[in-house]
Amino acid sequence: MNSVEPINILWVIIGGILGTIVGMLPGLGPATAVAVLIPITFGMDPVSAIILMAAIYYGAMYGGSRSSILLNTPGDGSAIAATFDGYPMARKGQAGQALAISAVASFIGGLIAVVGFIFLAEPLADFALKFGPAEYFLLMLLTLSAIVSLSLGKMVKGFIAMLLGLLLSTIGIDTQTGVYRFTMGIPHLSDGIDFLIVIIGVYAIGEVLYNFLTIDKEKKEKKEVGKVWFTKEQWKRSKWPILRSGPLGFIVGVLPGAGGSIASMISYSTEKQLSKKPEEFGDGAVEGLAAPESANNAASVGAMIPLLTMGIPGSGTTAVMLGALIMLGLRPGPLLFENQPEIAWTLVNSMFIGNIVLVIVNILLVGLLIKILDTPAKVLYPIIVLLAFIGTYTLSYNVIDFFLLLIFGVFGLFMKVFDIPIAPLVLALIVGAEMEQNFRKAVLSSDGNLSIFISNPICIGLIILILLSLFYPLVIKAFKKKADKNNLEKRVS
């Protein structure tokens, strides 16, 4: 059986479309979609089953940015970066252009990653095995430093938001000691606060509450949604960020536990620091949308490498896929490429087909999706709130999550009012628990000797990147100030 058989092409199309739809719904990320559809795969040919699940996975990466751009409501953690410039573009009347460039960026990032999969699967799998607790801690610290450095001009607020996120990540049972921490006697909090609740609360509910304050002041004329295709200038600004972010996202995706959230944040930070116009980022810079879209789709392909070559899930979604594949009688690992190469290479071929299908579907949907912006605010906002509550309820089917959603919604409102960046809080919550555990594991394994964090070239390289991400923006700002001062003196003289 191969990927160009009609039945497999059909599964690619079905999985891609389902993944796109699910990715648009707050809280229903690719892991949920794959988990819900596992019963469908029972009795299927194993090759068709893995093709379907993979198509849902990277389809959700395409879909997650749709609601980020149109409603400022990320479908899941990997789509957060799309809100930074995608939503401002939509508010400027460039929704169609934003949707189109995100689809093309996801397509190119996916293709780059598939090519990387073909040639680099084995060496990258070996490289990922070299990452221990110290390396993972530094990688997550790099992600946090990169996102905080984006808050240039309000870095103190960025650090405060990050610290709040890290504090929230400590809620629940400490996995190393079994001690309950900050649960306030509520059993439901023993597993911690799901970061998706926080994402939906601060972005979706917070946005609705913020806009509700000015809903009666809205102009009555029809909103402009702009062209449904990007301009030559936008493509010129986007092409190199897309090509740089694809390989970056792919490599980050290979690292077990890193995922699309970290890949998209690092790519966004990198492009802002490389940009000649960093001040436009956060206000509708097209490259600020294109880069993370390329990176997170590439990361979804990269996450398949540790799954297939080592049997190690590289993300929450691939963890669900691993369980499904074992139930289907497959055992991903080093012997898969030797004993059942047709499965691995058929999957790779299906990724090529899937990315082509998804870019076509997403571009065709642009005209339909931008009609969302024509919906009157008094109709649209209740729909967003309804979707937010449905998405939250499906996480654990517990009404306590509703109260948490409302609390973080109000929290999001205050953050917008006081101009506190939200991204550092959310990202710190996503990586906080793993970051803490990896730090403690590293320290325990070295008997308390902190030199473990500078014990090998990987650690030293990550530390250098952390320092660069923190101080590079400050240095560039200082040079620009000096250059502006010199130019002013020349004009005066």
Side-chain angles (χ1 to χ4, degrees), residues 20 23-24 26 61-75 78-109 150 203-204 206-208 210-211 214 218-219 221-242 245 264-265 267-272 274-297 359 362-375 377 380 384 416 419 421-423:
T20 301
M24 291 171 59
M61 293 297 163
Y62 275 80
S65 62
R66 311 294 95 178
S67 54
S68 291
I69 292 168
L70 297 173
L71 306 173
N72 199 36
T73 306
S78 61
I80 293 171
T83 64
F84 300 163
D85 287 283
Y87 185 62
M89 285 182 70
R91 298 197 68 162
K92 289 180 177 180
Q94 300 174 0
Q97 295 164 11
L99 291 168
I101 197 69
S102 72
V104 171
S106 294
F107 169 68
I108 295 173
L150 295 179
Y203 280 102
E207 180 72 16
V208 168
Y210 184 74
N211 283 286
T214 57
E218 277 197 344
K219 294 180 180 180
E221 67 266 19
K222 185 178 178 181
K223 294 178 183 177
E224 292 294 328
V225 296
K227 300 176 182 178
V228 296
W229 194 249
F230 45 85
T231 64
K232 288 183 179 179
E233 175 62 23
Q234 287 173 328
W235 171 246
K236 184 179 177 181
R237 290 180 59 172
S238 300
K239 61 181 180 181
W240 291 114
I242 290 171
S245 298
S264 60
M265 292 295 185
S267 69
Y268 185 88
S269 173
T270 302
E271 290 308 319
K272 183 174 181 179
L274 293 175
S275 176
K276 295 178 181 178
K277 301 177 180 178
E279 67 281 357
E280 293 184 7
F281 277 66
D283 192 37
V286 67
E287 58 265 52
L289 171 63
E293 285 298 284
S294 174
N296 71 24
N297 209 56
V359 74
N362 277 270
I363 289 173
L364 291 176
L365 285 175
V366 167
L368 177 64
L369 288 173
I370 59 177
K371 293 186 183 297
I372 292 173
L373 297 179
D374 291 333
T375 308
L380 182 61
I384 294 173
K416 290 181 74 68
D419 196 27
I422 294 173

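Please read all numbers here as calculations on a predicted model, not as lab measurements. For the numbers below, each heavy atom of this structure counts, side chains included, while hydrogens, waters and symmetry mates do not.
Here the side chains of Lys236 and Phe230 are not in contact, with every heavy-atom distance at 4.5 Å or above. Phe107 places none of its side-chain heavy atoms less than 4.5 Å from the side chain of Asn297. Residues Asn72 and Arg91 are not in side-chain contact: their nearest non-hydrogen atoms beyond the backbone lie 4.5 Å or more apart. In this structure, the side chains of Tyr268 and Ile80 stay at 4.5 Å or more apart for every pair of heavy atoms.
Applying the side-chain hydrogen bond (donor to acceptor under 3.5 Å, both in side chains) rule to Asn362 yields no partners; only residues at least two apart in sequence or on another chain are considered. By the side-chain hydrogen bond (donor to acceptor under 3.5 Å, both in side chains) test, Ser102 pairs with Arg66, sequence neighbours left out. Qualifying side-chain contact (heavy atoms from CB on, under 4.5 Å) partners for Val286, counting only residues two or more places apart in sequence or in other chains: Met89, Ile101, Gln234, Arg237, Ser238.
For Lys416 (side chain) and Ile422 (main-chain N/O), no donor-acceptor pair under 3.5 Å exists by modelled atom type.
Trp235 approaches Ile242 most closely through the heavy-atom pair CZ3-CD1, 3.9 Å. In terms of heavy-atom proximity, Ser68 sits nearest to Ala82 at CB-CB, 3.7 Å. Here the closest non-hydrogen pair linking Ser294 and Ser245 is OG-C, 3.9 Å. Heavy atoms only, all atoms of each residue included: Phe281 and Gly288 are closest at CE2-CA, 3.6 Å. The shortest heavy-atom contact between Gly282 and Pro88 is O-CG, 3.7 Å. Nearest approach of Ala103 to Val359, heavy atoms of both residues: O-CG2, 3.7 Å.
Remark: Gln97 CD to Leu289 CG distance equals 11.0 Å, nearest 0.5 Å. Glu287 CD to Lys276 NZ: the interatomic distance, rounded to the nearest 0.5 Å, is 11.5 Å. Atoms CG and CD, from Asp85 and Gln94 in turn, are 10.5 Å apart once rounded to the nearest 0.5 Å. Separating the OH atom in Tyr87 from the NZ atom in Lys92 is a distance of 13.5 Å, to the nearest 0.5 Å.
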*Could you please spell out the steps behind the side chain to side chain contact (heavy atoms under 4.5 Å, CB included) verdict for Trp240 and Leu274?*
CA-CA 11 Å; Trp240 291 114; Leu274 293 175; over 6 Å; no
